[in-house]
Amino acid sequence: QVQLVESGGGVVQAGGSLRLSCVASGRTFRRNAMGWFRQAPGKEREFVAGIRGSGASTSYADSGKGRFTISRDNAKNTVYLQMNSLKPEDTAVYYCAAGPWGIVFGTAKGYDYWGQGTQVTVSS
């Protein structure tokens, strides 16, 4: 069993930055691919970014390319999402998720564990 706890959300003005963190329990963190997702009111949960267990490979949705950076520190069982140049349309609850090593990035399918989410609100 893996527990994921996100933090770092908040209210920020458009153009600002936030760094989200997700701490995982358990001893298998380095073998998990990790993903960040978001869900705005009335919308489906969508993929934001993903990172392989080694950290060597990452993937981004078009909405975050050039603005968001996913990274991980396996020694701390933590995955991060640095978000810069935030826009009002980035407002959502952000979730991290843990999946198997070779998961296909881009959708929410196949992830075994999810965090409770952290709210990000970007004001215009």
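Please read all numbers here as calculations on a predicted model, not as lab measurements. Residues: numbered from 1 along the sequence shown. Only this structure's heavy atoms are used, side chains among them; waters, hydrogens and symmetry mates stay out.
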Legend entry - Contact summary for Ser54 and Trp101, nearest pair of heavy atoms: N-CH2, 3.8 Å
Legend entry - Members besides Val48 in its Ile/Leu/Val/Met/Phe/Trp/Tyr cluster (side-chain heavy atoms under 4.5 Å): Val2, Leu4, Val12, Leu18, Leu20, Phe29, Met34, Trp36, Ile51, Tyr60, Phe68, Ile70, Val79, Leu81, Met83, Leu86, Tyr94, Tyr113, Val120, Val122
Legend entry - salt bridge (charged side-chain N to carboxylate O under 4.0 Å, His left out) involving Arg19 - partner list, sequence neighbours excluded: none
Inset, instruction - Would you check if Arg67 and Asp90 make a side-chain contact, meaning some heavy-atom pair closer than 4.5 Å? - result: yes
Inset, instruction - Would you kindly check if the NZ (Lys) or CZ (Arg) of Arg45 is within the cone defined by 45 degrees around the ring axis of Tyr95 and under 6.0 Å from the six-membered ring centre? - result: yes
Inset, instruction - Could you note down all residue pairs passing salt bridge (Lys or Arg N to Asp or Glu O under 4.0 Å) where residues 51-62 supplies at least one of them, sequence neighbours left out? - result: Asp62-Lys65
Legend entry - Residue pairs fulfilling disulfide (SG to SG under 2.5 Å) with at least one residue in residues 21-110, sequence neighbours excluded: Cys22-Cys96
Legend entry - Asn32 side chain to Gly99 backbone, donor-acceptor under 3.5 Å: yes
Legend entry - Non-neighbouring partners of Arg31 that pass side-chain hydrogen bond (donor to acceptor under 3.5 Å, both in side chains), sequence neighbours left out: none
Legend entry - Contacts of Gln3 that satisfy side-chain hydrogen bond (donor to acceptor under 3.5 Å, both in side chains) - sequence neighbours left out: none
Legend entry - Where Ala97 and Tyr111 come nearest, the two heavy atoms and their spacing: CB-CD2, 3.5 Å
Inset, instruction - Not counting sequence neighbours, list each pair that qualifies as a side chain to side chain donor-acceptor pair (under 3.5 Å) and has a residue in residues 74-86. - result: Ser17-Asn84, Arg72-Asn74, Gln82-Asn84
Legend entry - Set of residues satisfying side chain to side chain contact (heavy atoms under 4.5 Å, CB included) with respect to Thr121, sequence neighbours excluded: Val11, Thr91, Gln119
Inset, instruction - Just jot down the salt bridge (charged side-chain N to carboxylate O under 4.0 Å, His left out) partners of Glu89, sequence neighbours excluded, or say none. - result: none
Inset, instruction - With sequence neighbours excluded, tell me which residues meet side chain to side chain contact (heavy atoms under 4.5 Å, CB included) with Gln116. - result: Val5, Glu6
Inset, instruction - Supply the atom-to-atom distance Gln1 CD to Ser25 OG, rounded to the nearest 0.5 angstrom. - result: 7.5 Å
Inset, instruction - Sorted by first residue and then second, give each salt bridge (Lys or Arg N to Asp or Glu O under 4.0 Å) pair with at least one member in residues 114-124; sequence neighbours left out. - result: none
Legend entry - Shortest non-hydrogen separation from Pro88 to Ala14 and the atoms involved: CD-CB, 4.1 Å
Inset, instruction - Output every pair passing disulfide (SG to SG under 2.5 Å) with a member in residues 25-89, not counting sequence neighbours, ordered by first then second residue. - result: none
Inset, instruction - Identify the heavy atoms of Ala92 and Ala40 that sit nearest to each other, and give their distance. - result: CB-N, 3.8 Å
Inset, instruction - Examine Phe105 and Trp114 and state if one hydrophobic cluster contains both, with Ile, Leu, Val, Met, Phe, Trp and Tyr joined whenever side-chain heavy atoms are less than 4.5 Å apart. - result: yes
